[in-house]
Amino acid sequence: MAQHDRILILDFGSQVTQLIARRLRESGVYCEVWPFNAAAPERIHAFAPKGLIFSGGPASVTEGASPRAPQEVFEMGLPILGICYGQQTMATQLGGTVEGGHAAEFGRAVVTVTGECTLTQGLWAKGATETVWMSHGDRITVLPPGFRVVAESEGAPFALIADESRHYYGTMFHPEVVHTPHGAALLKNFTHGVCGCTGDWTMAGFRDEAIERIRAKVGKGRVICGLSGGVDSSVAAVLIHEAVGDQLTCIYVDHGLMRANESDQVVATFRDRFNIKLIHRDASDLFLGQLSGVTDPEQKRKIIGRLFIEVFEEEQNKLGGADFLAQGTLYPDVIESVSATGGPSVTIKSHHNVGGLPEGMRMQLVEPLRDLFKDEVRALGRELGIPEEIVGRHPFPGPGLAIRIPGEVTREKADLLRKVDSIYLEEIRAAGLYDAIWQAFAVLLPVRTVGVMGDGRTYDMACALRAVTSTDGMTAEFYPYDMGFLGRVANRIVNEVRGVNRVTYDITSKPPGTIEWE
Ligand code: XMP
């Protein structure tokens, strides 16, 4: 299998390190993010990168124990780009001086271009002023030998520095964030122009290689995959099916708390369209039965998680077991995080997108998406011909509608919520807003309110509509619909769903709210 051009990103703990990787992948460059202290020289040699990028980080190089790049990387003859903290540690390690105590610059800043280099070629002309995004307190005061200034700002006289003979570059600003308008292009000048990457990382290529890798790993073994209807497990299933065909069986545990028509769609897509062996287990009686009388959100989650595992195991036992368990783990779940102080890296997030699969299952894992970011998984899904309704789908929580029905969950309430939710989503799609929103859904409120319909008084349930924008679900802003849209949706819900007579819109951001109500 041909090896792609690759760039290694050493992480010094910046909040936006992953964005460097995403910008590089977007320009067709394969890259990995390693904690700076996991980058032993032999490991770097084995990885064979065409260049290195040092990320930003929260530490100050003026403090004694602050993180450093392994000194050997400066003897490898590889191009290096240091960003923010990365620039400062590079400068320090190469004989320059960095000092604290200067006015900090945060957010938008303007730099004046005073020179030329490969990084700015075709983008920043000498004499121009350019917008960038800064976030730093310290700054370089004496350049290391061989470097010269290419751009400066009031707060950062060494905003962009270069030593073109050694192919070393450093920026005080963050090219990886969208607030630096030419940032992605500057990074591309580094990877393509300086390091000589060709942009050979494509989804079509990945698909073929991933199929080969799966075949090599699985051999004649049997694979089972828990399908949830979400993007990750769907893409993993179709990819594995392309690799090993009928050796794959998918298990779809239907807890009765899915959105309207979603179960039919899963069956139609995977069984009928892709010809994947699919077990559709309708376990709604079991789940709803055990949820009866339960009102505490965490209790609901526990019950659903436990039953999910039980049912999944039951189904896989009926199959007579399998050798491999497929999971839709993604790259952000496996990137080792570096602690803010630069201490040893320990935390590896583990995440199961199917709501927690059995720990004790004695099967090897197949995780064909573990090198990919979410947007790459979507691109791969499109490459595999998975319908847009699935590939572009909003995230949906494992416990489903149970956490969108505060209070006790019943089948009647779930049915009511499905009706409300599908009108809401239909209107969002009709208005062309679906892709602009990270997540949108309705919540059935545990209150009854008085209304009037025709000549009669009603005393029915109220619902809330929720829509947020976000990049990762960690923070979120409510979506600013126009009032005409909300009025139209409310009108349809109250007129078309018997039992609901009031609609509210949730305008809480996260924090302090959360996206879900429970
Ligand atoms: P919150 O409500 O914490 O949600 O702001 C952040 C994101 O996580 C999803 N979410 C869950 N997903 N099981 C899941 O698989 C859960 O128990 C769960 N709770 C919240 C939520 O939909 C949002 O995308």
Side-chain angles (χ1 to χ4, degrees), residues 18 225-236 251-259 262-263 266 287 290-291 294-309 311-312 327-330 332-333 349-359 367 369 373-375 377-378 390-407 409 414 417-418 420-421 424-425 428 434-445 463-479 505-518:
Q18 279 197 28
C225 175
L227 208 52
S228 70
V231 182
D232 307 339
S233 63
S234 300
V235 173
I251 300 176
Y252 172 56
V253 177
D254 185 353
H255 51 25
L257 296 157
M258 299 298 285
R259 296 183 127 141
E262 220 155 58
S263 297
V266 167
F287 279 81
Q290 300 234 350
L291 285 170
V294 178
T295 56
D296 176 67
E298 283 315 299
Q299 201 57 30
K300 289 181 189 175
R301 280 192 172 81
K302 281 205 186 91
I303 292 170
I304 293 169
R306 175 175 53 78
L307 289 178
F308 185 89
I309 290 172
V311 175
F312 192 89
Q327 286 196 331
T329 314
L330 305 191
D333 306 324
K349 288 184 268 175
S350 74
H351 158 102
H352 303 286
N353 65 337
V354 202
L357 281 176
E359 296 273 321
E367 297 178 302
L369 312 180
F373 286 104
K374 189 85 175 186
D375 39 3
V377 173
R378 293 204 158 100
I390 291 179
V391 165
R393 179 172 280 180
H394 290 171
F396 186 71
L401 301 184
I403 55 168
R404 295 175 179 175
I405 302 176
V409 180
L417 180 55
R418 271 189 274 270
V420 172
D421 188 68
Y424 180 38
L425 286 187
I428 289 172
Y434 189 84
D435 293 337
I437 295 170
W438 159 266
Q439 212 172 357
F441 54 88
V443 180
L444 191 70
L445 302 182
C463 69
L465 306 180
R466 183 83 164 126
V468 295
T469 55
S470 178
T471 46
D472 53 12
M474 303 295 284
T475 60
E477 301 281 334
F478 75 86
Y479 189 78
Y505 185 53
D506 179 357
I507 54 165
T508 322
S509 290
K510 173 184 178 175
T514 52
I515 296 176
E516 303 289 346
W517 276 44
E518 290 199 329

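We count residues from 1, following the sequence as given. Just follow the structure's listing: the first ligand is 1, and inside any ligand the first atom is 1.
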Student: Counting C-beta onward and ignoring hydrogens, is there a side-chain heavy-atom pair between R393 and E262 closer than 4.5 Å?
Tutor: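 Yes. Closest side-chain heavy atoms under 4.5 Å.
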
Student: Polar-atom distance check: I515 versus ligand 1, any N or O pair below 3.5 Å?
Tutor: yes

Student: Any N/O of E516 closer than 3.5 Å to an N/O of ligand 1?
Tutor: yes

Student: For atom 19 (N) of ligand 1, which of the options Q439, M474, R301 provides the nearest non-hydrogen atom?
Tutor: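 Result: the heavy atom closest to atom 19 (N) of ligand 1 is in R301.
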
Student: Enumerate the atoms of ligand 1 whose separation from the nearest heavy atom of T514 is less than 4.0 angstrom.
Tutor: 1 (P), 2 (O), 5 (O)

Student: Should P395 be counted as touching ligand 1, given the test is an N or O pair under 3.5 Å?
Tutor: no

Student: Under 4.0 Å from a heavy atom of K510: give me the atoms of ligand 1 that qualify, with their elements.
Tutor: 1 (P), 3 (O), 5 (O), 6 (C)

Student: Are any of the side-chain heavy atoms of H394 and F441 separated by less than 4.5 Å?
Tutor: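 With C-beta onward as the side chain, the pair stays apart.
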
Student: What heavy-atom pair brings L465 and A442 nearest, and what distance separates the two atoms?
Tutor: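 The answer is CD2-CB, 4.0 Å.
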
Student: Can you check whether R306 reaches Q290 side chain to side chain, under 4.5 Å on heavy atoms?
Tutor: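 SC-SC contact between R306 and Q290 confirmed.
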
Student: Would you please classify the geometry between the H255 ring and the F287 ring as parallel, tilted or perpendicular, with 30° and 60° separating the classes?
Tutor: perpendicular

